[in-house]
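Reading through the structure tokens given below for one structure.
Values in this document were obtained by computation on a predicted structure and should not be read as measured data.
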Amino acid sequence: MVETLGVAVVGFGWMGRVHTQAYARVLHHFPELTVRPELVAVAEEVPGRAEQAAAQYGFASTSRDWREIAADPRVRAVSVTAPNFLHREIGVAMAEAGKHLWIEKPVGLTADDARAVADAVAKAGVQGTVGFNYRNAPAVEAARELIASGEIGRVTHVRIRLFSDYAAHPDGALTWRYERERGGSGVLGDLASHGADLARFLLGDITSLTADTAIFLPERARPSGATAGHTLATGGDLGPVENEDYVNCLLRFASGARGVLEACRVSVGEQNNYGFEVHGTRGAVFWDFRRMNELAVSRGTTYQDQPVSTVYVGPGAGEFGAFQPGAANAMGYDDLKVIEAYRFLRSVSEGVPYGATLADAVHSAAVLDAMTRSAESGAWADVRAS
């Protein structure tokens with residue numbers, strides 16, 4: 001028997017659309033789910049945007065105030081896709097109202113924000129899922145299994161990169177993303193949070209690090225109206241960019257492995273160049289998000305001059321089989337969010353967490369806090385997740 005679950009989306013920019021589309025598709029790919037999401041409400045403060053969402057996707061009601069969602073008895077689960085500075089307030093309020101929570105990373109501006117939401121979720125006894133979508137790629141899950149199996153030996157070092165050009169245009173509008181108070185730590189929260197999660201997902205806890213950050217475009221024009229995504233603005237008054245365009249970081253893991261994490265939002269010529277290279281004593285595994293369904297793998301006993309093979313993941317890897325019948329049939333970004341929706345709804349249905357949780361968000365945020373401390377002091381910093 002399938003139970004209807006009233007869901008709401010708070011914040012309807014691009015990510016709000018992605019969550020909504022995932023709810024609409026999830027039963028197509030995972031018909032075994034025992035809950036069916038029903039789009040009950042959408043909240044968005046920009047005039048007209050919630051109404052447009054309702055007309056396009058079929059939400060039953062709209063609001064300019066997310067507090068109405070918290071008070072709505074029809075809503076049992078909420079996607080929080082609002083700007084970062086609102087995550088703590090909204091996340092805590094939704095949990096305290098008894099709503100299950102699917103919230104985008106980095107879950108606030110600091111590790112304390114993430115802990116506050118995690119504590120509220122635990123106290124309320126609701127489920128909490130976090131939007132670390134790249135760990136949902138079947139190839140990433142296959143890489144994790146390969147590493148854990150020992151096929152590449154003991155892991156010695158990893159390199160994780162997240163390069164993008166979304167903020168590279170000098171006419172990019174000075175939105176909340178570039179403000180310390182509302183956007184938090186810039187590229188750290190936006191991209192490096194994914195890198196920190198991938199590092200821990202693949203190799204375990206990070207214990208300490210040293211980081212360097214930079215702002216390469218120090219001023220941007222203020223937008224004249226509401227913005228969505230990465231809007232351009234010309235002719236407006238210039239204001240300062242307050243948070244980081246770039247970070248590089250050396251990592252030490254509890255296992256003894258070493259790592260490099262580098263992220264940049266102003267990398268001209270780089271479009272979503274995200275990936276990792278994990279090296280072990282007997283081999284290596286490589287993944288590139290732009291070739292999301294492939295792994296490059298080196299394994300064996302040759303060591304020197306050992307070849308690298310391309311492996312196309314198939315139905316045996318992660319949730320690949322819910323989307324495609326055979327290897328080398330491509331999956332895309334939105335499919336990762338459908339997997340995330342499935343794991344969130346399964347958590348709600350079974351009362352057991354699946355996928356990335358608020359605990360994972362706390363660990364990632366603790367890494368980001370350590371990066372900030374290290375960049376300010378010029379010294380190594382311990383990662384304080386607890």
Side-chain angles (χ1 to χ4, degrees), residues 5-12 15-16 19 22-23 35 37 40-45 63 65-133 135 176 181-185 188-190 193-194 196-197 200 337 340-341 343-369 383-386:
L5 182 78
V7 301
V9 176
V10 175
F12 209 80
M15 188 53 65
H19 277 232
Y23 284 130
V35 292
V40 169
V42 56
E44 168 58 62
E45 66 176 11
S63 176
D65 188 346
W66 61 263
R67 294 168 186 83
E68 294 180 359
I69 302 294
D72 191 334
R74 300 172 301 165
V75 176
R76 295 177 53 203
V78 179
S79 281
V80 178
T81 56
N84 297 350
F85 68 97
L86 295 171
H87 285 189
R88 177 173 181 162
E89 183 181 9
I90 297 175
V92 169
M94 293 302 173
E96 290 178 344
K99 318 294 188 188
H100 301 287
L101 194 64
W102 179 12
I103 187 168
E104 276 304 314
K105 56 84 212 167
V107 190
L109 306 183
T110 64
D112 284 343
D113 286 350
R115 288 188 193 96
V117 179
D119 290 345
V121 164
K123 184 176 180 180
V126 296
Q127 295 298 316
T129 292
V130 180
F132 289 126
N133 41 270
R135 64 154 63 190
W176 61 268
E181 184 176 349
R182 296 195 297 166
S185 55
L188 274 67
D190 192 20
S193 59
H194 282 297
D197 181 67
R200 181 167 173 265
K337 285 303 199 185
E340 207 165 273
R343 291 175 176 169
F344 173 50
L345 295 171
R346 186 179 176 191
S347 299
V348 171
S349 175
E350 299 181 20
V352 177
Y354 292 95
T357 66
L358 269 301
D360 296 309
V362 171
H363 278 276
S364 175
V367 171
L368 304 187
D369 282 3
V383 176
R384 305 166 187 165
S386 59

Would you confirm whether [X], through its side chain, and [Y], through its main-chain N or O, come within 3.5 Å as a donor-acceptor pair?
X	Y	value
T81	V10	yes
D72	E68	no
K337	N133	no
K105	D190	yes
H87	P106	no
S349	V35	no

Let me have the donor-acceptor pairs involving side chains of residues 118-128, under 3.5 Å, with sequence neighbours excluded, atom names and distances please.
{"residue": "Q127", "atom": "NE2", "partner": "G351", "partner atom": "O", "Å": "3.4"}

- Separation of E44 CD from D65 CG (nearest 0.5 Å):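 One gets 12.0 Å once the value is rounded to the nearest 0.5 Å.
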- Query: Between CG of L109 and OG of S185, what distance do you get to the nearest 0.5 Å?
  - Reply: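 Those atoms lie 8.0 Å apart.
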- Taking all non-hydrogen atoms of both residues, which atom of A366 and which atom of A385 are closest, and how far apart?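 Distance-wise, the nearest heavy atoms are CB-CA, 3.7 Å.
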- Item | Pair R135 + D360: basic N to acidic O under 4.0 Å |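 D360 and R135: salt-bridged.
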- R343 with E340: basic N within carboxylate O range, under 4.0 Å: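 Salt bridge absent between R343 and E340.
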- Item | Geometric class of the W102/Y23 ring pair [parallel <30°, tilted 30-60°, perpendicular >60°] |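 Taking W102 first and then Y23, their aromatic rings stand perpendicular (interplane angle over 60°).
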- Full working for side-chain contact (heavy atoms from CB on, under 4.5 Å) between E89 and M94: CA-CA 9 Å; E89 183 181 9; M94 293 302 173; over 6 Å; no
- Residues which pass side-chain hydrogen bond (donor to acceptor under 3.5 Å, both in side chains) with T110, listed by chain and number, not counting sequence neighbours: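 For T110, no residue satisfies side-chain hydrogen bond (donor to acceptor under 3.5 Å, both in side chains) once neighbours in sequence are set aside.
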- Message: Restricting to side-chain hydrogen bond (donor to acceptor under 3.5 Å, both in side chains), what partner residues turn up for D369, sequence neighbours left out?
- Response: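 Partners of D369 under the side-chain hydrogen bond (donor to acceptor under 3.5 Å, both in side chains) test: none.
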- Task: Count the heavy atoms of every other residue, nucleotide or ligand shown that sit under 6.0 Å from CZ of R384, and state whether that count exceeds 12.
- Result: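 No.
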- Query: Just wondering, do F85 and E181 contact through their side chains at under 4.5 Å, heavy atoms?
  - Reply: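 Answer no - side chains too far apart.
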- Evaluate the side-chain proximity of V107 to V130: yes if any heavy-atom separation is below 4.5 Å, no if none is.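 SC-SC contact between V130 and V107 confirmed.
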- Query: Can you list the steps and then say if V40 with V7 is a side-chain contact (heavy atoms from CB on, under 4.5 Å)?
  - Reply: CA-CA 6 Å; V40 169; V7 301; over 6 Å; no
